[in-house]
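So the structure is just underneath, and the comments pick up after that.
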Amino acid sequence: MVLPVVPLPSSFTESPGTFRLASSTRIVVNNDADATASVLANVIAERTGLRLDITTDAAAQGDIVLHRTARQGEHYALRIGSDVRIDGSEAGLFYGIQTLRQLLTTDGDDWLLPHVDIDDTPRFVYRGLMLDVARTFFGVDTVKAFIDRAASLKFNHLHLHLTDDQGWRLQIDSRPLLTERSSTTAALGRPGGFYTKDDFREIVQYAAARHMVVVPEIDLPGHTHAIGLAYPELVEDPVMNDNLLAQSSALGQPLPVAGEPYLGWGVGHSSMKIHSEATWEFLRDVLTELAELTPGPYLHVGGDEALGTPQADFDAFIERVTALTTELGKTPVAWHEAGSAQVAEGTVGQYWGNTEPGDAHADAARHFAARGGSVIMSPSTTAYLDQKYDAEFPLGLDWAALINLETAYDWEPTAIVDDLPAEAILGVEAPLWSETLETLDDIDQLVFPRAAAIAEVAWSQAEDRDWSSFRERVGTLGTVWNAAGWGGHRPAEIVWSN
Ligand code: TNX
C-alpha cells in the first residue's frame with residue numbers, strides 16, 4: 001500500500017528496510033528548550049511503552065534527531081534510515097512527529113519504522129475544526145481532548161462557537177450578567193456552563209502548544225436569544241419562521257419566548273436590536289475583551305441565519321460589526337451570508353452552503369474576495385461533522401446530507417464557488433454542531449474517522465488525493481487512535497486495523 005499516513009505527505013520516497021526502536025534509542029535535540037522532544041517521547045511511550053531518553057549530546061547511530069531549523073512555516077522533512085531525523089520549525093517538527101506516530105508498527109517483538117524520505121508541506125494555511133459549546137457546553141478537559149485529536153491530523157485552527165440562542169459560554173467582566181444569567185442553560189435542558197477567562201486562556205495555551213490557533217465566535221446578530229436573558233433591552237422579541245414552527249412541532253420542542261431560556265434547536269428567531277446604541281456599547285465591550293483574550297488574528301462574528309433581521313438592517317449590522325472588529329486589531333470572520341454586506345476589507349467568509357451553490361450564496365462568497373478577504377470552505381453537504389453518516393446513525397442531524405466517509409473525502413474546495421480565485425481560498429474547516437451530543441464519546445463518534453478525510457482535503461495536494469488510497473491508509477489509523485484512547489465510529493466501508 002502507499003505510505004500509511006493521513007493526511008498524505010506532499011512528497012515521499014520509500015525504500016526497503018526498517019528502523020528498529022530499542023529502549024536505548026535516544027531522542028536528540030539541537031535545542032534543549034525544544035518542547036517537541038517531550039511530545040515525541042510521549043507519543044512513543046503511549047504507543048510502545050518505551051520511555052526514551054532525551055539528550056542534547058551529539059547524535060550517534062540509531063538515535064532519533066529533532067533538528068529545529070531556521071526555516072519558518074509548517075514544512076518538515078522526516079528521514080528514516082539507520083537513524084531517524086526530523087527537520088523543521090517547531091510546528092514542522094510537531095507535524096513530523098504526528099507522521100512518525102502513524103508510521104510505527106510492530107512485528108510482535110520490536111517497534112519498527114519503515115525506511116522513507118518525506119518532505120511535507122500543507123496545501124492550505126487554514127485547516128480547522130469547529131466545536132459548538134453553546135448547544136451543549138463542553139468543559140476545558142473535553143476541549144483539550146478535542147485539540148489533541150485535531151492536532152494529530154495536522155489541523156491548525158480551533159473555531160469555538162461560544163454563543164448561541166441556548167447559552168453564552170465566556171466570562172465578560174464588563175457584562176457580568178452574561179455568565180450569571182445567560183450561561184446556565186443548554187439545548188434540551190442539558191447543564192449549562194461557561195469558561196472563565198483563565199479557562200479560556202488555558203485552552204488557548206493548550207492549543208498553541210499543539211500549533212493550533214483558537215478562533216472564538218460570538219454569533220451575531222441572530223443566534224442571540226440567550227443575551228436577552230441577561231440584557232433584554234438589547235434583543236428583539238423572537239420572530240417565528242415556517243421552518244422553526246414545523247421543526248418545533250415535529251420534535252415537540254417549545255417555541256422561543258422572550259426572556260425565557262430557549263432549549264430547542266430551531267434557528268432564525270432571534271436578533272439583536274441593530275439601531276440601538278446600547279447594542280453597540282455592548283458589542284464594543286464584549287469584542288474588546290475577547291480581542292484581549294485572543295492572541296490569534298481572527299474573531300468570528302457569526303452572521304448566519306439571521307432570518308428575523310430585515311436584510312437592510314442585517315447588512316448595516318455586518319458592515320459595522322466587521323469594522324469594529326478591524327478597529328480592535330483583529331481580522332473578522334463571518335458565515336458567508338455576511339457577504340451580502342460591505343464587509344470590512346480583509347474579512348474572511350466561511351462558506352457553509354452545499355457543493356452546488358445557487359447565485360445568492362456564490363455571490364456572497366465571492367464578495368469576501370472582492371473586498372480583499374478570503375474564504376474558508378465548510379460545505380455543509382461534505383464537511384459538516386454533525387450530519388449523520390447514514391440514516392440509521394444514532395447521533396447527528398441530517399438536514400444537509402448523509403455524509404459517509406467517502407462523501408467527506410471526495411470533494412474539492414476550489415470547485416465549489418465558480419469564479420472564486422483559488423488563491424482566495426484560505427482553507428477548509430469542518431464544523432461540529434452539538435445539538436445531539438452530550439459526551440466526548442459522542443464527539444468522537446462523529447469526528448472519527450471523518451475529520452481524517454477533511455484533514456487530507458486541507459493538507460494534501462489536490463493531484464495526490466485518491467479515495468481508494470485514502471481508504472487503505474485510514475484503516476491503519478484505527479490502531480493509532482485506539483492506542484491514544486480515542487473512540488469513534490468504524491464504518492464498514494473501511495478495513496480497520498487493530
Ligand atoms: C445550521 S450552519 C447552523 C447552526 C446549526 C447547524 C446544525 C450554520 C452557520 N448555522 O446554527 O447548529 O445548522 O447542523
Side-chain angles (χ1 to χ4, degrees), residues 128-138 159-169 186-188 190 215-227 238 241 243-244 246-248 250-251 253 256 262-271 300-309 314 318 332-340 348-355 357 360-361 364-365 368 375-389 393 395-403 407-408 416 428-438 442-443 446-447 450 454:
L129 292 183
M130 188 203 86
L131 182 63
D132 172 6
V133 296
R135 274 54 175 270
T136 297
F137 177 68
F138 296 106
H159 170 184
L160 285 177
H161 185 75
L162 289 170
T163 68
D164 215 302
D165 293 314
Q166 297 80 358
W168 181 282
R169 306 298 176 211
L188 306 187
R190 291 178 198 130
V215 181
E217 178 183 357
I218 305 294
D219 201 351
L220 301 165
H223 292 276
T224 46
H225 183 90
I227 296 173
N241 59 67
N243 255 338
L244 171 71
Q247 198 186 36
S248 300
L251 295 168
Q253 296 181 349
Y262 179 60
L263 309 181
W265 62 54
V267 298
H269 48 84
S270 55
S271 180
H300 201 306
V301 294
D304 59 319
E305 299 173 322
L307 309 178
T309 316
F314 175 78
I318 292 295
V333 185
W335 298 104
H336 75 259
E337 292 102 306
S340 64
V348 175
Q350 184 167 11
Y351 177 78
W352 66 278
N354 61 35
T355 46
H361 293 289
F368 292 94
V375 179
I376 296 166
M377 283 294 168
S378 303
S380 51
T381 46
T382 60
Y384 263 34
L385 296 173
D386 73 320
Q387 300 296 298
K388 291 173 182 289
Y389 292 83
F393 202 73
L395 296 166
L397 302 174
D398 59 6
W399 64 265
L402 297 171
I403 303 181
T407 305
I416 294 173
V428 171
E429 181 180 296
L432 181 64
W433 304 98
S434 60
E435 285 90 338
T436 66
L437 310 180
E438 294 192 11
D442 293 347
I443 292 175
L446 290 170
V447 169
R450 290 183 297 187
I454 304 296

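Keep in mind that this is a model prediction, so the values were computed, not measured. We use all heavy atoms of the structure for the numbers below, so side chains are in, but hydrogens, waters and symmetry mates are not. We count ligands from 1, going down the list as the structure has it; atoms in each ligand are counted the same way.
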| query | For atom 11 (O) of ligand 1, what's the nearest protein heavy atom and its distance? | reply | Arg135 NH2, 2.9 Å

| said: Any atom of ligand 1 sitting under 4.0 Å from a heavy atom of Gln387? | reply: yes

| In terms of residue, atom name and distance, what is the protein heavy atom nearest to atom 1 (C) of ligand 1? | Glu305 OE2, 3.2 Å

| task | Starting from atom 8 (C) of ligand 1, locate the nearest protein heavy atom and write down its residue, its atom name and how far away it is, to 0.1 Å. | result | Asp304 OD2, 3.4 Å

| said: Does the plane of the ring in Trp399 sit parallel, tilted or perpendicular to the ring in Trp352? Use 30° and 60° as the thresholds. | reply: perpendicular

| What protein heavy atom sits nearest atom 13 (O) of ligand 1, and how far off is it? | Trp399 CZ2, 3.3 Å

| So, for Pro221 and Gly303, which heavy atoms are closest and what is the spacing to 0.1 Å? | CD-CA, 4.4 Å

| Heavy-atom pair of closest approach, residues Ile403 and Gln387 | CD1-CB, 3.8 Å

| field | Working for side chain to side chain contact (heavy atoms under 4.5 Å, CB included), residues Thr136 and Asp442 | value | CA-CA 11 Å; Thr136 297; Asp442 293 347; over 6 Å; no

| Any Trp265 heavy atom less than 4.0 Å from ligand 1 | no

| For atom 5 (C) of ligand 1, which protein heavy atom lies nearest, and how many Å away is it? | Glu435 OE2, 3.3 Å

| query | Nearest heavy-atom pair of Ala408 and Ile454: which atoms, and what distance? | reply | O-CD1, 3.5 Å

| Which residue and non-hydrogen atom of the protein lie closest to atom 2 (S) of ligand 1, and at what distance in Å? | Tyr384 OH, 2.5 Å

| message | Under a plain distance cut-off of 3.5 Å, with no hydrogens placed, do Trp335 and Glu217 share a side-chain donor-acceptor pair? | response | yes

| query | Which residue, Trp433, Phe137, Trp168, forms the ring pair (Phe, Tyr, Trp, His ring centres under 6.0 Å) with His161? | reply | Trp433

| message | Using heavy-atom distances only, which candidate in Asp386, Leu397, Asp164 approaches atom 14 (O) of ligand 1 most closely? | response | Asp386

